[in-house]
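Each remark here refers to the structure printed beneath this line.
Naming convention: chains lettered A, B, ... in sequence-line order (proteins, then strands); numbering from 1 in each chain.
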There are 2 protein chains.
Amino acid sequence: MQKVLRHLFVTEEEPLRSNWVGAFPSAQLSHWSSSQQSFQADLFWLVLPYDDGAGALIDLWKKIAGPSPLVALSDEPGDEEGISVLQAGASGYCNGYASPEVLRQVAHTVEQGGVWVGQSLVQKLVSAVARQASTPAAAAGGWAKVLTEREQAVAMAVASGASNKEIAGRLGITERTVKAHLSAAFEKLNVRDRLQLTLLINGLS
Amino acid sequence: MQKVLRHLFVTEEEPLRSNWVGAFPSAQLSHWSSSQQSFQADLFWLVLPYDDGAGALIDLWKKIAGPSPLVALSDEPGDEEGISVLQAGASGYCNGYASPEVLRQVAHTVEQGGVWVGQSLVQKLVSAVARQASTPAAAAGGWAKVLTEREQAVAMAVASGASNKEIAGRLGITERTVKAHLSAAFEKLNVRDRLQLTLLINGLS
DNA sequence: TCTCGGGTTGTACTTTCGTACAATGGCGCG
DNA sequence: CGCGCCATTGTACGAAAGTACAACCCGAGA
């Protein structure tokens, strides 16, 4: 780990550049503007432009970077941009104005072959995948397994947007009974209200 | 970063334990078996059992850990297990026999609020999401176009299961204002309550 | 038989949600 | 400058939702 790594930081924005230099004062680095001919580096930092097309940009630089990892920096990180960037093969995606400490953290992770991703993005990815995996009939979600038949019926009605009164009418029972089944479902599934129940059932939580 | 963090390493498997101690020889740590009464720690390491149910296990420990991050360690890491673990709210997932260096790396990442995920898992997540042709909600959109910026923010928060009070806190406004934005959104989108709003936004209605 | 889980319902209460009526301040625009 | 749109907040009230503490009926088992 004592090996000195060559970093290449690509951007035209001065504030970002100085922020980055603050994080790696001792690193040997090349600049975008300096030597256009030689892009040899062990780690590429690429600041994304405001307009979209981030994926294509990464694609382009991946060819230049070759086997070296590439981290995308964004002024305004967003989940969609992050997904396209990672899909294009970037090894990291984070805020360009991240603290030096975080930047070094990112560098360290990426150097070791890891992928650096922000928390919200990971959550989004995970939930999306989980949803996709469980959507088919299966109800594999498991949520159904712990509920009784009646609780399932009420829960599914709730998840479709029905009110307690509507459910009561639909199932031919009292609104009170609907509440009873719902409370039981909340407890078993560890959610606090019908909205979170809905998210859970639809695999969105 | 000089702050000494309390780690809690939970397992019954000696080889894993010693591997872990090797990674954090100087850390103050508590052991599962030692003081059952106090589970105060800044970082929880949880070794997953062979049988499944990893998600539920994480769920349980999340309650104990509170706001502190939790890292799941697996003898045989797999993408499915990783997904369920992350979905349950773990901040990291890696091989229990990872090198001390990697373990420290993980700790560092997680301590800073990051999420540590292996490369293959990230790739899987990303490709799965990409395959889904983006979110039908975001694409089908339309709903966002008719809402003001503020209304969108509140609507999205609601669609993620937040209560009015939580949204108010999150956006730094009054609960009353949240209600105002929500009422406006209901009217514009022609829905009657937050649950139907949620279904609409998530493309489930 | 007696216990146990599931389904049902009642009364009463707290909390949250949603709306009505209303006001203030900022901002762009003719 | 007035007008409209947006963001913000207040008070108040009715309607849902959710919880607490029950009770009763019924079928499957120990």
Would you state whether a donor and an acceptor, one from the side chain of A:Arg176 and one from the base of C:dT8, lie under 3.5 Å apart?
no

Proximal nucleotide (of [options]) relative to the [X] side chain:
| X | options | answer |
| --- | --- | --- |
| B:His181 | C:dC17, D:dG10, D:dA7 | D:dA7 |
| B:Lys179 | D:dA17, D:dT8, C:dG18 | C:dG18 |
| A:Leu182 | C:dT9, D:dG18, D:dT8 | D:dG18 |
| A:Lys165 | D:dT8, D:dA16, C:dT8 | D:dA16 |
| B:Phe186 | D:dT8, C:dT19, C:dG7 | C:dT19 |

Nearest-Å distance, [atom1] ([X]) to [atom2] ([N])?
| X | N | atom1 | atom2 | result |
| --- | --- | --- | --- | --- |
| B:Gln196 | C:dG18 | CD | P | 10 Å |
| B:Ile167 | C:dT16 | CD1 | P | 13 Å |
| B:Ile173 | D:dC6 | CD1 | P | 16 Å |
| B:Glu175 | C:dT15 | CD | P | 13 Å |
| A:Arg194 | D:dG18 | CZ | C1' | 9 Å |
| A:Glu149 | D:dG27 | CD | P | 16 Å |

Considering all heavy atoms of both residues, which atom of [X] and which atom of [Y] are nearest to each other, and what is their separation?
| X | Y | result |
| --- | --- | --- |
| B:Leu182 | B:Arg194 | CD1-NH1, 3.4 Å |
| A:Val85 | A:Ala72 | CG1-CB, 3.5 Å |
| A:Ala153 | A:Leu171 | CB-CD1, 4.3 Å |
| A:Ala157 | A:Ile167 | CB-CG1, 3.7 Å |

Comparing A:Lys188 with A:Ala180, nearest DNA chain C nucleotide closer to 5' gives the residue A:Lys188

Between [X] and [N], is there a side-chain N or O to OP1/OP2 distance below 4.0 Å?
| X | N | value |
| --- | --- | --- |
| B:Asn164 | C:dC17 | yes |
| B:Arg192 | C:dG18 | no |
| B:Ser163 | C:dT16 | no |
| A:Thr148 | C:dG5 | no |

Over 60° means perpendicular and under 30° means parallel, so tell me whether B:Phe9 and B:Trp45 are parallel, tilted or perpendicular.
tilted

B:Ser183 near the nucleic acid: base, sugar-phosphate alone, or nothing, with a heavy-atom cut-off under 4.0 Å?
base

Across the strands shown, which category fits B:Thr177 at heavy-atom distances under 4.0 angstrom: base, sugar-phosphate, nothing?
base

Sorted by first residue and then second, give each side chain to side chain donor-acceptor pair (under 3.5 Å) pair with at least one member in residues 167-187 of chain A; sequence neighbours left out.
none

How do B:Arg150 and A:Asp193 order along DNA chain D: which one's closest nucleotide is nearer the 5' end?
B:Arg150

Judged by nearest nucleotide, the residue sitting upstream toward the 5' end of DNA chain D, A:Leu195 or B:Gly172, is B:Gly172

